[in-house]
Protein chains: 2
Amino acid sequence: MAAQTAEAAQGLRERKKLETRSALRAAAVRLYLERGPADVTVHDICEAAGVSPRTFFNYFETKDDAVFDWDNRLTGQLVDLLTARPAHEAPLEALHHTLRTAIPALVADAGWRERRKLLGAHPELVRKLVHSNSHMSEALSDAVAARTGLSADALYPRLVAGAAITVLRSAIRAWDPESSTEELLAMLDSCFASVAAGLPEPPGDDPARPGG
Amino acid sequence: MAAQTAEAAQGLRERKKLETRSALRAAAVRLYLERGPADVTVHDICEAAGVSPRTFFNYFETKDDAVFDWDNRLTGQLVDLLTARPAHEAPLEALHHTLRTAIPALVADAGWRERRKLLGAHPELVRKLVHSNSHMSEALSDAVAARTGLSADALYPRLVAGAAITVLRSAIRAWDPESSTEELLAMLDSCFASVAAGLPEPPGDDPARPGG
DNA sequence: ATGCAGTGCTGCAAAAATGCACTACTGTAG
DNA sequence: CTACAGTAGTGCATTTTTGCAGCACTGCAT
């Protein structure tokens, strides 16, 4: 396996690169929180991070991508975790365990929580997040295909990966970033249970209440 | 209900607007197919459509959005169809019928087929398509919430809508645009069946065939 | 036909994003 | 120590995207 999940910077070069990326990410989140996304230019972020604007776009595709860097790092991590799950687990089950394993570290990351709050304060950003999610979905889809021995173009891997991403998104969105990790995990479990049951009518649904 | 699904242009003004939008969409798809997305500038599209570049961005958020205009029109249509489904249908079932109903008209649309081929020829575009899909997902989510009497922030509507969008995307992507409508509908049915069953191990999976 | 309100279209300036070529430094081999 | 390959960072030109303000036309009322 060539996948080096360890973040150990082996050389000066690698370390500098990680530092630059980190600096850009941190500066972006900080400035976004301070002034709001609309009042922060790429120039500002770069000045705070000490690099040129061109360099910013060497690391990130769009201005907002720096804020979503967590998701891209998470993607690689999820793929590794999923690959490491025992082969006897059904794909959906393996994905469930994978997410469950990855979430605590996320919640423990102060930067990630900051970002989560940023998304709550600026819903416009959520729309751009889809891009990162799509990347994650494709990566997981490929990993599921590898697990099941199916083609990467087959329907099943895309369905399961898509469902898992939807679950993750929905749970994080509904989760209150001030509350505990357990809350998030509970919602994740509930979502996976709902999907595994074939998404039947809403659990707490009371037929006597028309809802209008 | 104030929703006017009818596309009848009541005044000259409305008609002109639709014409401009149509012209931009058509020009974009044609030029994209002729030269490839990278070799078409907004300026080119606007020249072909006879409007200024600034006007392009009054209609579409990004250069590629003109190509995805079908999805945005489809979104409104799906919401209307879903709202019209009988109340006794379960959400997932109602979404299944909704998509089944909308698809034939799409496939019959020559422009939509062109677009579908464009996506096959230029996979980079698929990445940008997620944006439209996300819009569609949110709209359907709200419609499901209305059907079930749940809050728009509840988990269930997002899960079902997300699953439906994933199904639609997967089916269209796997579908050969040269083949028949029935092929696409069959894949759609198969996907919905898989989701309704809780996404168990791949259906046509033959344990004897390693698939490598 | 005339005047008014609403708004579609446009030009302009600034910011975001991309391709290309160049510099400077890192890591490695001699 | 020196030479070399690889590549992160940069500057520049071009394209994409957005905010703002003005012009022109439509739809409506008089």
Side-chain angles (χ1 to χ4, degrees), chain A residues 4 7-25 27-29 31-32 35-69 72 122 124-125 127-132 135, chain B residues 4 8-25 27-28 31-32 35-69 72 122 124-125 127-132 135:
Chain A
Q4 280 184 274
E7 297 184 5
Q10 303 213 337
L12 171 59
R13 198 164 205 158
E14 322 296 326
R15 175 159 49 234
K16 276 246 171 192
K17 205 169 152 186
L18 285 184
E19 271 173 22
T20 301
R21 189 183 193 91
S22 221
L24 285 169
R25 190 194 332 159
V29 173
L31 292 175
Y32 269 38
R35 315 182 195 166
D39 286 318
V40 178
T41 67
V42 172
H43 184 77
D44 296 336
I45 300 175
C46 292
E47 213 154 56
V51 295
S52 88
R54 188 63 188 83
T55 296
F56 180 95
F57 290 104
N58 280 339
Y59 282 94
F60 305 108
E61 291 194 355
T62 72
K63 186 174 73 156
D64 304 306
D65 262 11
V67 172
F68 301 139
D69 199 24
N72 296 324
H122 299 275
E124 331 87 69
L125 289 177
R127 296 189 56 194
K128 318 229 181 174
L129 178 60
V130 208
H131 209 253
S132 295
H135 194 61
Chain B
Q4 281 183 276
Q10 303 212 337
L12 171 60
R13 199 162 205 161
E14 321 297 326
R15 174 158 49 234
K16 276 246 171 193
K17 208 170 151 185
L18 285 184
E19 272 174 20
T20 301
R21 188 182 194 93
S22 221
L24 284 170
R25 189 193 335 161
L31 291 175
Y32 269 39
R35 314 181 196 166
D39 286 319
V40 177
T41 67
V42 173
H43 183 79
D44 295 336
I45 300 175
C46 292
E47 212 154 56
V51 294
S52 89
R54 188 63 188 84
T55 296
F56 181 95
F57 290 104
N58 282 337
Y59 282 95
F60 305 108
E61 291 193 356
T62 73
K63 184 173 76 158
D64 303 306
D65 262 12
V67 172
F68 301 138
D69 200 25
N72 295 324
H122 300 275
E124 330 88 67
L125 289 177
R127 296 189 56 194
K128 319 228 180 175
L129 178 60
V130 261
H131 208 253
S132 295
H135 193 62

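Small disclaimer: the values here were computed from a predicted structure and weren't measured. In what follows, chains are A, B, ... by sequence order, proteins preceding strands, each numbered from 1.
Atom CZ of B/F60 is separated from atom P of D/dT18 by 13 Å (rounded to the nearest Å). The nearest whole Å value for the distance from the CG atom in B/L24 to the C1' atom in D/dT17 is 15 Å. With rounding to whole Å, A/D64 atom CG is found 11 Å from D/dT18 atom P. To the nearest angstrom, P of D/dT17 lies 18 Å from OH of B/Y59. Rounded to whole Å, atom C1' of D/dT15 lies 14 Å from atom CZ of B/R35.
Remark: side-chain polar atoms of B/K63 are paired, donor with acceptor, to backbone N or O of B/P37 under 3.5 angstrom.
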Quick one: do A/R21 and A/D69 satisfy side chain to side chain contact (heavy atoms under 4.5 Å, CB included)? Show the steps, please. CA-CA 9 Å; A/R21 189 183 193 91; A/D69 199 24; 2.9 Å; yes
Show your reasoning for whether side chain to side chain contact (heavy atoms under 4.5 Å, CB included) applies to B/F68 and B/T62. CA-CA 10 Å; B/F68 301 138; B/T62 73; over 6 Å; no
Run the numbers on B/D64 and B/Y32 for side chain to side chain contact (heavy atoms under 4.5 Å, CB included), then give the verdict. CA-CA 9 Å; B/D64 303 306; B/Y32 269 39; 2.6 Å; yes
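End-to-end axis angle for the helix from C/dA1-D/dT30 to C/dG30-D/dC1, using five pairs per end and rounding to 10°, comes out at 10°.
The structure places NZ of B/K16 at 6.5 Å from CD of B/E19, a figure rounded to the nearest 0.5 Å. Considering NZ of B/K128 and NE2 of A/H131, their distance stands at 7.0 Å, rounded to 0.5 Å. Remark: A/S22 OG to A/Y59 OH distance equals 10.5 Å, nearest 0.5 Å. Between the NE2 atom in A/H43 and the OG atom in A/S52 there is a gap of 10.5 Å [rounded to 0.5 Å].
Annotation for A/L24 and A/A66: closest pair O-CB, 4.4 Å, computed over non-hydrogen atoms. When every heavy atom of A/P53 is checked against every heavy atom of A/C46, the shortest pair comes out as CA-SG, 3.4 Å.
Applying the side-chain contact (heavy atoms from CB on, under 4.5 Å) rule to B/D44 yields the partners B/L31, B/R35, B/V40, B/T41; only residues at least two apart in sequence or on another chain are considered. Applying the ring pair (Phe, Tyr, Trp, His ring centres under 6.0 Å) test to B/F56 and every residue at least two apart in sequence or in another chain returns B/F60.
Projected onto DNA chain D by closest heavy-atom contact, A/K17 and B/K63 fall at different nucleotides, the more 5' of which corresponds to A/K17.
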How does protein reach along nucleotides 20-30 of chain D, written 5' to 3' as B (base within reach of a heavy atom under 4.0 Å), S (only sugar-phosphate), or - (no contact)? B----BBS---
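Contacts between residues 36-52 of chain A and DNA chain C, defined by a heavy-atom separation under 4.0 Å, are made by A/V40, A/T41, A/V42.
Protein chain A contacts DNA chain C over a range whose 5' and 3' limits, counting nucleotides with an atom under 4.0 angstrom from a non-hydrogen atom, are C/dA16 to C/dG27.
The number of heavy atoms from other shown groups lying within 6.0 Å of NE2 (B/H135) does not exceed 12.
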